[in-house]
Novice: 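Quick one: the structure is below, and I'll ask about it shortly.
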Amino acid sequence: MAGAIPKPSPKGVKSNDMPIISGEGDTLNDTELGFEDNSRVPQLSIPALFWFFFYNFGLFAWGGPVAQIALIKEKLVMQDQWITIERFQRVFAVYQILPGPEAAELCMFFGCLSAGRIGGIVAGIAFILPGFTLMLLASYLYSLAGFENIYFNASFKALQPIVAAMILKAVHKIADHSVVNQKTKKIDVFLVIAALCTAINVALRINIFISLGFYGIWYNLIARRIWIPAAILWVMQYVGFALYVVFRGFPSPVALALGISQTPSLINLFVLGLVAGSLSFGGAYTAIPFVQVEAVLKGGWLPQSVFIDCIAIGNILPAPLVIFATFVGFQGGLREGGLGTAFAGAVVTTLGMFFPCFLFTIAGHSLLEKLVRNKVLSTFFDGLCGAVIGVIASIAVQIFGASVHGEPKTLEQAANSGLAAVLYMLALAVLYKFTNKWIPLVLLACGAIAGQFLFV
């Protein structure tokens, strides 16, 4: 039978070379809860492991990260019982803090349990490969028809405001856990301040990475109740900004970026993916701002409308949403050197985007758990995650403005802007009213069809 697995290894036999999760001083509890029990994990050969994850998860990774994680949990934890539910929850908690798509990281974790670190790499590739292949094909087809075909463009004009609504909804969803104090489980006003001030800093064109690092340090001081230095530090950021404006002038829009991808050469595309992948705390939507400021604002080699289109395509494929990096790399390579460079650009950008999550997961879950439990590092990550909300919210506003075509100059543009705004509000209402995992896919399909009637 396709996707079938062999019988588990005998009780008590280790089935991998991956470090086991265990917290200091809680060995007894970990043993009782099954945190160290790998006896039900089957030892699969590398080809069998690849097919198992490719068939069961890669081909059916529809519906976004929530649906993907639920699919993995249902199959490997509830049905096949590779590990206990308690162990799964602890594993998942660690991956929620780390950058990268959690579903891919979970596949790598289970691959490591079955066949060691090589198994983790194989399982991750098997999960990502179907979506990567489809996105590569979509990128090529888009390059053939997307820039001139009136019907193709009409569908994407309708999809752009829907994608903008999805990003705004994602801000709310991510904020539900990013601004919550992990100890009290209540909204932390200081994390909300970090999010709001980061959004203000984006509006002031303060570099995104400066704001993220700053609020990681600032919240670390707040969590340790070092109030006066924290207050002084908060004031000094704006004193420093005022001095900068006096002596250097108001920052330009490109000041938001690092300038790591001013031209879409292959090495720059790899670095772009690597930086975005390393800083994608909280899921795929947090990678969007980093790519946008580098490729659209600073580099200027990717039009805003094309960037929004690639996010729309990423939402309808069976893959982690960060697969949009494949599209960005393809378009950059196409601009730099033709079709061959386009395919190479797609590959290297995707490698860069996924390299951090492969590295963190394969390096050993035990080490990662110890790091995220470190009080200093954990509060720094909390502050950084809070600040990320402000970044995504700012980019959501910018993408909304682009999706409704900015300031219309003709009657036709005004009509199109009005229609786009209506689509945006309708999509937002549907996303808040219905929580089914297929709603985003249905919205995108309806939008593509509606575009043929509204914008042709």
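Below, all heavy atoms of this structure are taken into account, side chains as well, without hydrogens, waters or symmetry copies.
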Novice: Keeping the roles fixed (side chain from Q331, backbone from L302), state whether a donor-acceptor pair exists under 3.5 Å.
Specialist: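 No; judged by distance alone, with no hydrogens or angles, the pair does not exist.
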Novice: Might you work through the ring-ring contact (aromatic ring centres under 6.0 Å, His included) test for W234 and Y219, ending with a clear yes or no?
Specialist: CA-CA 10 Å; W234 186 85; Y219 186 73; over 10 Å; no
Novice: Is there a donor in the side chain of T326 and an acceptor in the side chain of T350, or the other way round, less than 3.5 Å apart?
Specialist: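 Checked: T326/T350 side chains pair up, N/O donor to acceptor below 3.5 Å.
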Novice: Please round to the nearest 0.5 Å and tell me the distance separating atom CZ of F88 and atom CE of M78.
Specialist: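 Spacing of CZ (F88) from CE (M78) equals 10.0 Å.
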Novice: Taking the side chain as every heavy atom from C-beta outward, state whether F327 and V306 have any pair of such atoms under 4.5 Å apart.
Specialist: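 Yes; the side chains approach each other to less than 4.5 Å.
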Novice: Look at the side chain of E294 and the backbone N and O of L258, then say whether any donor-acceptor pair between them is shorter than 3.5 Å.
Specialist: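 Indeed, once roles are kept as given, a pair shorter than 3.5 Å links the two residues.
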Novice: Roughly how far apart are L269 CG and M353 CE, rounded to 0.5 Å?
Specialist: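 Separation between the atoms: 11.5 Å.
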Novice: Would you please indicate yes or no on a ring centroid separation below 6.0 angstrom for Y424 and F400?
Specialist: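 Yes, close enough.
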Novice: Roughly how far, to the nearest 0.5 Å, is CG of L76 from OG of S114?
Specialist: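 Answer rounded to 0.5 Å: 10.0 Å.
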Novice: Take Q160 and S305, measure what side chain to side chain contact (heavy atoms under 4.5 Å, CB included) needs, and give me the verdict at the end.
Specialist: CA-CA 8 Å; Q160 288 175 3; S305 60; 3.4 Å; yes
Novice: Which class fits the ring pair F52 and W82: parallel under 30°, tilted 30 to 60°, perpendicular over 60°?
Specialist: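 Answer is parallel, since the angle falls under 30°.
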Novice: Run the side chain to side chain contact (heavy atoms under 4.5 Å, CB included) test on V391 and S211 for me, step by step, so that the C-alpha distance in whole Å, both residues' side-chain angles and the decisive distance to 0.1 Å come before the verdict.
Specialist: CA-CA 9 Å; V391 176; S211 293; 5.9 Å; no
Novice: How about CG on L137, more than 12 heavy atoms from neighbouring residues, nucleotides or ligands closer than 6.0 Å, or not?
Specialist: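 Enclosed.
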Novice: Under a 3.5 Å distance rule, please check whether T349 uses its side chain to pair with a backbone N or O of A346 as donor and acceptor.
Specialist: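 Side chain of T349 to backbone of A346, a donor-acceptor pair under 3.5 Å: no, none is there.
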Novice: Return the orientation label for the F152 and F156 ring planes: parallel under 30°, perpendicular over 60°, tilted otherwise.
Specialist: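 Answer is tilted, since the angle falls between 30° and 60°.
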Novice: Any donor and acceptor pair, going by atom type alone, linking the side chain of Q68 with main-chain N or O of A61 inside 3.5 Å?
Specialist: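 Side chain of Q68 to backbone of A61, a donor-acceptor pair under 3.5 Å: yes, one is there.
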Novice: Can you find a pair of side-chain heavy atoms, one from I288 and one from F324, that are under 4.5 Å apart?
Specialist: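 Answer yes - side chains close enough.
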Novice: Go through the steps for S265 and N268 under the test side chain to side chain donor-acceptor pair (under 3.5 Å), then give the verdict.
Specialist: CA-CA 5 Å; S265 65; N268 286 349; 3.2 Å; yes
Novice: Less than 6.0 Å separating the ring centroids of Y142 and F330?
Specialist: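 That pair fails the under 6.0 Å test.
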Novice: So W218 and Y215, would you call those rings parallel, tilted or perpendicular, with 30° and 60° as cut-offs?
Specialist: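 Ring orientation of W218 relative to Y215: perpendicular.
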Novice: Do you know which two heavy atoms are closest between L134 and P318, and how far apart they sit?
Specialist: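 Nearest heavy atoms, L134 then P318: CD1-CD, 3.6 Å.
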Novice: Tell me whether the NZ or CZ atom of K75 lies within the 45° cone about the ring axis of F57 and under 6.0 Å from its centre.
Specialist: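 No.
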Novice: Determine whether L272 and F290 satisfy the following criterion, side chain to side chain contact (heavy atoms under 4.5 Å, CB included), listing intermediate values before the conclusion.
Specialist: CA-CA 8 Å; L272 174 64; F290 304 119; over 6 Å; no
Novice: Evaluate the criterion side chain to side chain contact (heavy atoms under 4.5 Å, CB included) for residue pair T341 and L334; output intermediate values, then yes/no.
Specialist: CA-CA 6 Å; T341 309; L334 189 64; over 6 Å; no
Novice: Checking side-chain contact (heavy atoms from CB on, under 4.5 Å) against V328, which of V291, V296, I311 comes through?
Specialist: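 Among V291, V296, I311, the one meeting side-chain contact (heavy atoms from CB on, under 4.5 Å) with V328 is V291.
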